[in-house]
2 protein chains.
Amino acid sequence: MSTKDRILDAAETLFADAGYDGVSLRQITSAAGVELALANYHFGPKSDLFLAVVQRRADELNRERMTLLAALPDPPTMEGLIDAFARPFMEKSLRGGAGWKSYARLIAQIANSQRWTQAVMHTQFDPVAEAFIKGAKRALPEADPRNLYWGFHFMVGAMTMTFAETGRIDVLSRGKCKSGALDKIYQRMIPFLAAGFRRLAEA
Amino acid sequence: MSTKDRILDAAETLFADAGYDGVSLRQITSAAGVELALANYHFGPKSDLFLAVVQRRADELNRERMTLLAALPDPPTMEGLIDAFARPFMEKSLRGGAGWKSYARLIAQIANSQRWTQAVMHTQFDPVAEAFIKGAKRALPEADPRNLYWGFHFMVGAMTMTFAETGRIDVLSRGKCKSGALDKIYQRMIPFLAAGFRRLAEA
DNA sequence: GTCTATAGCTTGATAGAC
DNA sequence: GTCTATCAAGCTATAGAC
């Protein structure tokens, strides 16, 4: 495994647990088993390393989302549309290894802070978001387009928190619900969100 | 204004913008216009200051939420229940001053990270969450209780991201939607979420 | 590409005078 | 309750040898 990948993997885990400022380059290179100076040599400043961590999986995720979105019938159903957007993330989180779990926790923090909205959310995720909105306009042609943007926003909020698996719901439900049972949650999330979109389309 | 309050206000704004580790005690006391040593004198270690910042408004918020929840008819409607939970936050964010906007950005980060789940979410917000779930069981008695926990989870994800006002939706919608127009968004969020809950109850 | 060594700064916390 | 001064540790970034 290359030095670059070792650094990216270590940075991903640590950034996911403690955030950008909660982790030092020393912790990252130490966890990766490489020298401190190599982080700067391969990635430049710390902020560029952070962006590289996020970009690596965003590219793969977006490619799959775009493929699924393009394969939908026209007009698509809302359920199909939401599934095309959410399924790649769910599958990778369940079966892609620990790196994807870290990435999910990282994205939840990024999506909920102003700090990385421009550099990460707009740069890396807006093209897919626009493809989703375009599909939603076909699925619900009678809807006010603004309501579809808001629906998308509510969906992203519910999804990022779900994939982050903070464990809060496990304690709150006294073990009846499990954050880690993503496939079970997924079966509930899709209809929940689709019903919300449909209700907004009627308004 | 007391030294303690000056420190709390400055810390709130800075923590909301950059997170716990992104802000130093020097930045906080400097913004508050007091000496560095006073942060430790009044609040103890940095982590205790952070918890004090969150607790201050959580107490006020929870009191109002509990009052509204207790005033609902039995059985309540899902719309009424969600409104009782969300309205105090929305009103304060719209009319409570800049401190409540900072607090909303802070809560969005906390709710989406594992790091503060125990010390903040469970400690400060679980009692109200349980009151909400109890009401949801009355509103939708035919629902599997687990689905109500998941609905609550999706609701919190959508709500925290909405109140955080990251501005992403403004750019994505090319100005058609505005993060800051919380009252308009609120009218869409309540039916979106209520329809989601109802759909889960049918499953 | 990798390593050692270090410059230049910032950090949280506190001791001790007032 | 407030202030000055400081400690010990940590930080990012980089220069220079190999």
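Below, chain A is the first sequence line, B the second, and so on; all start at residue 1. These numbers were taken from a predicted model, which means no experiment stands behind them.
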Counting the atoms with a prime plus P, OP1 and OP2 as sugar-phosphate, which does B:Leu38 contact under 4.0 Å by heavy atoms, base, sugar-phosphate, or nothing?
base

Starting at atom [atom1] of [X], determine the distance to atom [atom2] of [N], rounded to an integer number of angstrom.
X: B:Asp21; N: D:dG10; atom1: CG; atom2: C1'; value: 13 Å
X: A:Tyr20; N: D:dC11; atom1: OH; atom2: C1'; value: 12 Å
X: A:Leu36; N: D:dG10; atom1: CG; atom2: P; value: 14 Å

Among A:Leu148, A:Asn147, A:Thr77, which residue satisfies the side-chain contact (heavy atoms from CB on, under 4.5 Å) criterion with A:Leu140?
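Passing option: A:Leu148.
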
Under 3.5 Å donor-acceptor, B:Arg138 side chain and B:Asp74 backbone:
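Answer holds: no.
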
Have a look at A:Phe85 and tell me which of A:Phe197, A:Phe132, A:Tyr186, A:Phe125 forms a ring-ring contact (aromatic ring centres under 6.0 Å, His included) with it.
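Only one option passes, and that is A:Phe132.
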
Ignoring backbone atoms, test whether A:Ser24 places a side-chain nitrogen or oxygen under 4.0 Å from the OP1 or OP2 oxygen of D:dC11.
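For A:Ser24, the contact criterion (side-chain N or O under 4.0 Å from OP1 or OP2 of D:dC11) is met.
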
Distance under 6.0 Å and angle within 45° of the ring axis: does A:Lys46 meet both against A:Tyr20?
yes

Salt bridge (charged side-chain N to carboxylate O under 4.0 Å, His left out) evaluation trace for A:Lys178 with A:Glu165
CA-CA 9 Å; A:Lys178 294 194 195 315; A:Glu165 300 183 32; over 6 Å; no

So where does chain A start and stop touching DNA chain C, 5' to 3', when the test is distance under 4.0 Å to a non-hydrogen atom?
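The contact span of chain A on DNA chain C goes from C:dG1 to C:dT4.
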
We want to know whether A:Thr117 and A:His122 form a side-chain donor-acceptor pair, criterion being a heavy-atom distance below 3.5 angstrom.
no

